[in-house]
2 protein chains.
Amino acid sequence: MKSAAKITILDVANASGVSFGTVSRVINNDIHVKPETRQRVLDAMRRLGFVANRQAQSLAGGKTNLIGLLVPDLGTGYIGEIIRGIDAELGLMGLDLITYTTHRTASKEANYVANLARGMVDGLLLVLPRHPADYIETLTQRGFPFVLIDHQGTGENCPAVGATNWQGAYTATEYLIKLGHQRIGFITGWMDLGCAQDRLKGYRSALRTYHIPEAPDLVYEGTFSQPDGYAGASALLDLPNPPTAIFASNDVMAMGVMDAVRNRGLRIPDDISVVGFDNIAQSAMVYPPLTTVQQPLEQMGRVATQMLLGILKDPEKEAGRIELPTELIVRGSTAPPKDRAG
Amino acid sequence: MKSAAKITILDVANASGVSFGTVSRVINNDIHVKPETRQRVLDAMRRLGFVANRQAQSLAGGKTNLIGLLVPDLGTGYIGEIIRGIDAELGLMGLDLITYTTHRTASKEANYVANLARGMVDGLLLVLPRHPADYIETLTQRGFPFVLIDHQGTGENCPAVGATNWQGAYTATEYLIKLGHQRIGFITGWMDLGCAQDRLKGYRSALRTYHIPEAPDLVYEGTFSQPDGYAGASALLDLPNPPTAIFASNDVMAMGVMDAVRNRGLRIPDDISVVGFDNIAQSAMVYPPLTTVQQPLEQMGRVATQMLLGILKDPEKEAGRIELPTELIVRGSTAPPKDRAG
DNA sequence: TTACGTTATGGAAGCGCTTACATTCATATT
DNA sequence: AATATGAATGTAAGCGCTTCCATAACGTAA
């Protein structure tokens with residue numbers, strides 16, 4: 001018996017008394033194989049411990065069975081959830097994932113995309129891409145399959161999955177207003193990202209709906225990171241007329257807000273209500289548990305993958321933007337404002 | 001001009017007036033090419049936008065230029081840091097990373113390893129493997145290159161990089177003792193992991209060194225997750241004679257501890273000191289900033305990758321276990337115990 | 001029985017590259 | 001001048017597979 005690493009379809013063919021062509025057919029689930037022959041081949045494969053060589057399959061077959069994933073970072077629960085969804089779908093189809101981390105570097109991003117699209121992978125999943133405009137046109141022209149995750153796309157009907165950011169922010173703000181809050185601070189994310197813009201717009205729309213005047217000093221511009229939450233909350237609480245609630249554009253910043261609030265000896269939610277966005281796992285685990293807008297991150301990963309597989313199967317298929325619903329998760333970090341509650 | 005995706009070395013050879021063999025030599029930095037010829041080929045490659053087909057290279061050359069990475073999860077800062085280090089080293093060598101998430105499922109782990117080791121990748125990086133014993137022997141026998149990250153290995157001298165967990169826990173405990181703490185609670189991690197065991201041992205050794213009797217009820221068994229920290233701290237604080245300091249086996253649990261402490265209206269560090277382990281980015285951002293034992297995670301990723309590349313280059317090279325130093329980072333979550341300070 | 005459509009199987013060609021070996025050519029050596 | 005030496009380049013043989021086309025085997029209707 002040869003070394004396990006070196007069993008080829010020829011060995012299997014010999015062992016099962018058929019030609020290598022038939023073995024290939026069995027591997028690829030071709031219909032034109034007599035069931036008993038198939039079984040014989042399958043047995044031989046198992047006996048010999050045969051595993052098809054991916055490189056050879058790719059070279060001969062013209063596809064790699066690899067999906068490229070571009071993410072800004074890998075250390076966040078946000079990305080982790082999305083990948084969980086991608087993993088699940090891909091696993092079902094026997095595809096593998098090759099991951100690139102851009103660390104928010106635009107040049108790296110464009111570079112990776114260029115190389116990956118040249119035969120390294122069959123399709124591309126782009127999470128929160130920074131400058132997709134730079135290469136989306138090229139990809140589209142070449143007909144290279146890709147799907148954007150949590151990005152608006154570039155105006156045209158380019159395949160993308162996102163969440164109802166506007167709606168989520170609107171609902172959360174409305175909830176705070178209905179609790180009785182009139183001064184609601186808002187901390188934005190990276191304002192060059194569509195999702196961050198939409199959340200801000202949702203917040204503003206809700207204020208407008210309830211005839212609450214917009215105070216520009218109640219909006220603090222952040223970048224989705226925890227220190228921004230801390231700094232933003234500190235700035236807001238320093239205002240002559242501070243807010244009674246703070247809505248952060250993601251949970252990580254909301255954690256920073258909570259720290260800042262506590263640091264001043266204020267209590268959550270008694271003195272200040274705090275709301276986040278994302279519903280990362282940690283949000284339910286902090287004290288008090290964070291009221292937040294849930295993004296269906298894992299589902300976004302799943303749906304994006306399904307879209308990509310769809311395009312892979314039928315390149316003509318027109319796939320536009322899909323928006324998955326967000327949901328307000330009410331937990332312990334929100335309450336009516338003090339002056340009213342008391 | 002052909003489509004960019006279809007330029008082969010033959011096209012480059014024609015365009016530059018040499019044989020495809022010479023082009024191949026240029027690609028592989030073979031010495032036997034006249035500098036001016038090389039330049040001519042390089043120019044042609046740039047002009048044509050040539051990118052070598054990885055599949056064909058792999059098939060012909062017998063290596064994939066792909067490194068497999070097995071991680072339990074992708075959503076933690078812990079893993080993110082390690083991957084950052086891996087990425088950096090791999091990028092330097094033009095290797096790509098193919099990632100598998102096991103979600104702590106032992107069967108998946110063994111499965112992935114089996115498949116990957118059969119030609120899918122050139123080498124394997126295993127982060128915090130759950131049941132390496134199941135397959136390490138196989139890998140070793142076959143001479144398949146791999147490196148364990150943050151795992152003790154399996155007794156033999158198997159390639160692994162870790163941190164000085166014992167030392168880190170010892171130092172942190174000693175620091176608490178020197179602050180004046182006599183009752184120090186400890187929350188463990190997954191006790192089937194060597195690193196968790198070592199941290200517990202380090203804690204115990206420090207107590208012994210300073211002749212502080214070990215109280216079994218001061219040790220709470222956790223699993224590295226935030227709710228364990230919360231539950232552990234709650235249990236410890238419910239003790240008739242509660243500790244004045246709590247040492248959690250990782251930062252995530254320490255966050256849980258902080259929540260639990262605050263939830264009871266106690267103040268950190270005034271009433272209770274809290275210490276973590278890992279020094280994830282978040283630790284510096286919470287309030288009060290967490291005193292913790294830094295693990296050089298990124299460096300662990302780097303070193304592991306270097307080890308693997310070393311083995312890849314020279315399979316005979318005996319690579320044993322490397323332990324990178326941990327360091328106590330003192331921040332605001334620790335202080336002398338109340339009864340002493342006051 | 002013959003002819004014909006199916007279905008199952010065999011085999012050649014080729015995917016784009018590396019590599020060992022063959023060949024060429026220039027230069028050094030005697 | 002004749003030859004050895006070594007550097008630069010060309011070429012054939014695969015790597016392990018898919019896929020197309022040819023062929024064999026098997027029914028089935030006439």
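Here is the naming used below: chain letters follow the sequence lines, and residue numbers restart at 1 for every chain. It should be emphasised that the depicted structure is a prediction, and the values quoted were computed from it without experimental measurement.
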Short side-chain N/O contact from [X] to OP1 or OP2 of [N], under 4.0 Å:
| X | N | value |
| --- | --- | --- |
| A:Ser24 | D:dT18 | yes |
| B:Lys6 | C:dG16 | yes |
| B:Ser19 | D:dG10 | yes |

How close or far is atom [atom2] of [N] from atom [atom1] of [X], stated in whole angstroms?
| X | N | atom1 | atom2 | value |
| --- | --- | --- | --- | --- |
| A:His32 | C:dT9 | NE2 | C1' | 11 Å |
| B:Asp30 | D:dA7 | CG | C1' | 11 Å |
| B:Asn53 | C:dG14 | CG | C1' | 13 Å |
| A:Ile31 | C:dA8 | CD1 | P | 9 Å |
| B:Arg38 | D:dT9 | CZ | P | 10 Å |
| A:Asn65 | D:dG16 | CG | P | 18 Å |
| A:Lys63 | D:dT19 | NZ | P | 8 Å |
| A:Leu59 | D:dG16 | CG | P | 12 Å |

Contact class for [X] vs. all strands (heavy atom < 4.0 Å): base, sugar-phosphate, or nothing?
| X | answer |
| --- | --- |
| B:Gly21 | base |
| B:Thr37 | sugar-phosphate |
| A:Thr22 | sugar-phosphate |

Would a distance-only check, ignoring hydrogens and angles, find a side-chain to backbone donor-acceptor pair under 3.5 Å from A:Arg40 to A:Ser16?
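The answer is yes, because a donor-acceptor pair under 3.5 Å joins these two groups.
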
Using only atom types and a distance under 3.5 Å, with no angle test, would you say the side chain of B:Glu109 pairs donor to acceptor with the backbone of B:His131?
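Indeed, once roles are kept as given, a pair shorter than 3.5 Å links the two residues.
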
Out of C:dG10, C:dT9, D:dG14, which nucleotide sits closest to the side chain of B:Ala60?
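Nearest listed nucleotide: D:dG14.
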
Looking at A:Lys63, I'd like to know if its NZ atom is crowded, meaning that more than 12 non-hydrogen atoms belonging to other residues, nucleotides or ligands lie closer than 6.0 Å.
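Counting neighbours around NZ of A:Lys63, 12 or fewer heavy atoms of other residues, nucleotides or ligands fall under 6.0 Å, so no.
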
Tell me if the CD atom of A:Glu323 is crowded by more than 12 foreign heavy atoms within 6.0 Å.
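For A:Glu323, atom CD is crowded (more than 12 foreign heavy atoms under 6.0 Å).
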
Reading DNA chain D from 5' onward, which residue's closest nucleotide shows up sooner: B:Gly17 or B:Ala56?
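Its nearest nucleotide being more 5', the pick is B:Gly17.
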
I'd like to know if B:Arg25 reaches the base of D:dG10 with its side chain such that a donor and an acceptor end up less than 3.5 angstrom apart.
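Answer yes: a donor N or O sits under 3.5 Å from an acceptor.
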
I need the single residue from B:Val121, B:Leu308, B:Thr305, B:Leu309 that forms a side-chain contact (heavy atoms from CB on, under 4.5 Å) with B:Leu95. Which is it?
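Passing option: B:Leu309.
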
Quick check on DNA chain C: between A:Pro35 and A:Phe20, whose nearest nucleotide comes earlier from the 5' end?
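Looking at DNA chain C, the more 5' nearest nucleotide goes with A:Pro35.
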
